[in-house]
Amino acid sequence: MQKNNAVLIEDAAESLGTKYKGKYTGTFGDYGIFSFNGNKIITTSGGGMLVSDNEERISKVRFWSTQSRDKARHYQHSELGYNYRMSNVVAGIGRGQLRVLDQRMAKKKYIFEFYKRELGKLDGVHFMPINEWNEPNYWLSCITLNGQIKPIDIMEALEKENIESRPVWKPMHMQPVFCRHDFIGEGVSEKIFENGVCLPSDTKMTDDDLEKVCC
Ligand SMILES: *Cc1c(COP(=O)(O)O)cnc(C)c1O
C-alpha cells in the first residue's frame, strides 16, 4: 500500500466485532467502514461508520459530512458539503445496540454451529472454515455446494417450506454497472457466488426454526 502510494479503504461493513490474528477488522487499512443497515449484526436502522487513526482526515470528513460550514456566524461554504450527519435518535439507538453486540455474536455463533453440526456432514456441503487465527462475528451462516446440487435447488426446496434463503453476493466486477472496469482476482468470489447459499441467520431464530431449516 505505502509502497504504491495507494489509500486502502477496508469494507468491513458486515464484520463488526470480527478479529483477524487478534486485530479488529476495519482497522487494517487507512480507513475502515461499517454498516448499521437493518440486516447487520447491530443496526441503527440505517447508516454506518467511518473509522481511521488519521485524526486530521477524520475531522475533514466530519466537516464535509456536516455541510462544510466555514467558521463564520452565518452559513458560509468554501467547499461543497454534504448532509451525512447522524441524528441524535440514530446515535441513541446505536449506543443501545453496542451493548448487545456480544450477545448477538454469541447467538450468531450458536446458529452457525447448529447448522454446521446438522448439515456439515452432508456430502458436498461446506461451511466457512474457522481457523485459529480468525474470530468471526458469524453474521451470516452460508454454505457452499460442490456443484452437483445447485444453490437454486436448495433455495427452491426451502421456499416450498416458506423459508427464505438467498444466493451469496454477486461479485462487484460481475455487476453490469462495472462490466467495463478492470479487476484483480483469480475466480474465488465467482466460485462462491455460483455455489453459495445464505441460510436464515436471524438472532431471533429458535431451535425449532433452525431444525426446520435443516430437515
Ligand atoms: C451491508 C454491506 C454493504 C452495504 O452497507 P449499507 O449500509 O447497506 O450501504 C457493503 N458492503 C458489505 C460487505 C456489506 O456487508
Side-chain angles (χ1 to χ4, degrees), residues 1 6-21 23-52 58 61-62 64-66 82-98 100-102 104-105 107-109 111-112 115 127-131 134-144 151 155 164-179 181-205:
M1 289 174 279
V7 175
L8 181 66
I9 303 171
E10 193 187 343
D11 180 355
E14 66 202 33
S15 70
L16 189 69
T18 296
K19 283 183 189 163
Y20 176 78
K21 297 191 174 168
K23 195 169 152 70
Y24 281 112
T25 57
T27 65
F28 287 85
D30 302 289
Y31 303 90
I33 66 100
F34 293 95
S35 168
F36 297 133
N37 188 39
N39 64 347
K40 304 300 177 188
I41 193 149
I42 60 169
T43 178
T44 58
S45 77
M49 174 167 78
L50 175 76
V51 297
S52 174
I58 282 288
V61 170
R62 207 171 266 141
W64 285 325
S65 72
T66 50
Y82 305 87
N83 189 355
Y84 289 167
R85 272 177 302 208
M86 177 169 46
S87 76
N88 51 2
V89 175
V90 158
I93 298 170
R95 286 174 63 106
Q97 288 273 294
L98 269 177
V100 297
L101 178 60
D102 288 346
R104 295 268 167 92
M105 281 171 57
K107 180 67 191 275
K108 294 278 194 185
K109 185 175 184 187
I111 292 168
F112 178 85
Y115 283 138
F127 280 83
M128 164 178 85
I130 311 293
N131 303 301
N134 60 356
E135 298 167 55
N137 71 355
Y138 298 91
W139 171 60
L140 191 63
S141 289
C142 301
I143 51 173
T144 49
M155 289 185 287
E164 189 188 19
S165 62
R166 296 205 190 150
V168 169
W169 274 261
K170 187 169 190 173
M172 283 302 190
H173 65 276
M174 291 173 73
Q175 296 294 347
V177 66
F178 294 131
C179 68
H181 298 271
D182 287 339
F183 67 94
I184 301 167
E186 287 159 10
V188 175
S189 58
E190 286 94 323
K191 251 193 211 130
I192 295 175
F193 172 57
E194 255 166 57
N195 298 309
V197 182
C198 304
L199 298 173
S201 306
D202 192 278
T203 48
K204 291 186 292 300
M205 288 180 81

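Counting convention: from 1, in listed order, for ligands and their atoms alike. Everything quoted here is computed from the prediction, not taken from an experiment.
Under 4.0 Å from any atom of ligand 1, one finds heavy atoms of residues Asp11, Ala13, Glu14, Ser35, Asn37, Lys40, Gly47.
Here Arg166 pairs with Glu164 under the salt bridge (Lys or Arg N to Asp or Glu O under 4.0 Å) rule; sequence neighbours left out. In this structure Lys21 satisfies the salt bridge (Lys or Arg N to Asp or Glu O under 4.0 Å) test with no other residue, sequence neighbours excluded. Applying the ring pair (Phe, Tyr, Trp, His ring centres under 6.0 Å) test to Tyr82 and every residue at least two apart in sequence or in another chain returns Tyr84.
Side chain of Thr43 to main chain of Phe36: a donor-acceptor pair is present (N/O by atom type, distance under 3.5 Å, no hydrogens or angles).
Between Tyr31 and Val51 there is no side-chain heavy-atom pair separated by less than 4.5 Å. With contacts defined as side-chain heavy-atom distances shorter than 4.5 Å, the pair His173/Cys179 does not qualify.
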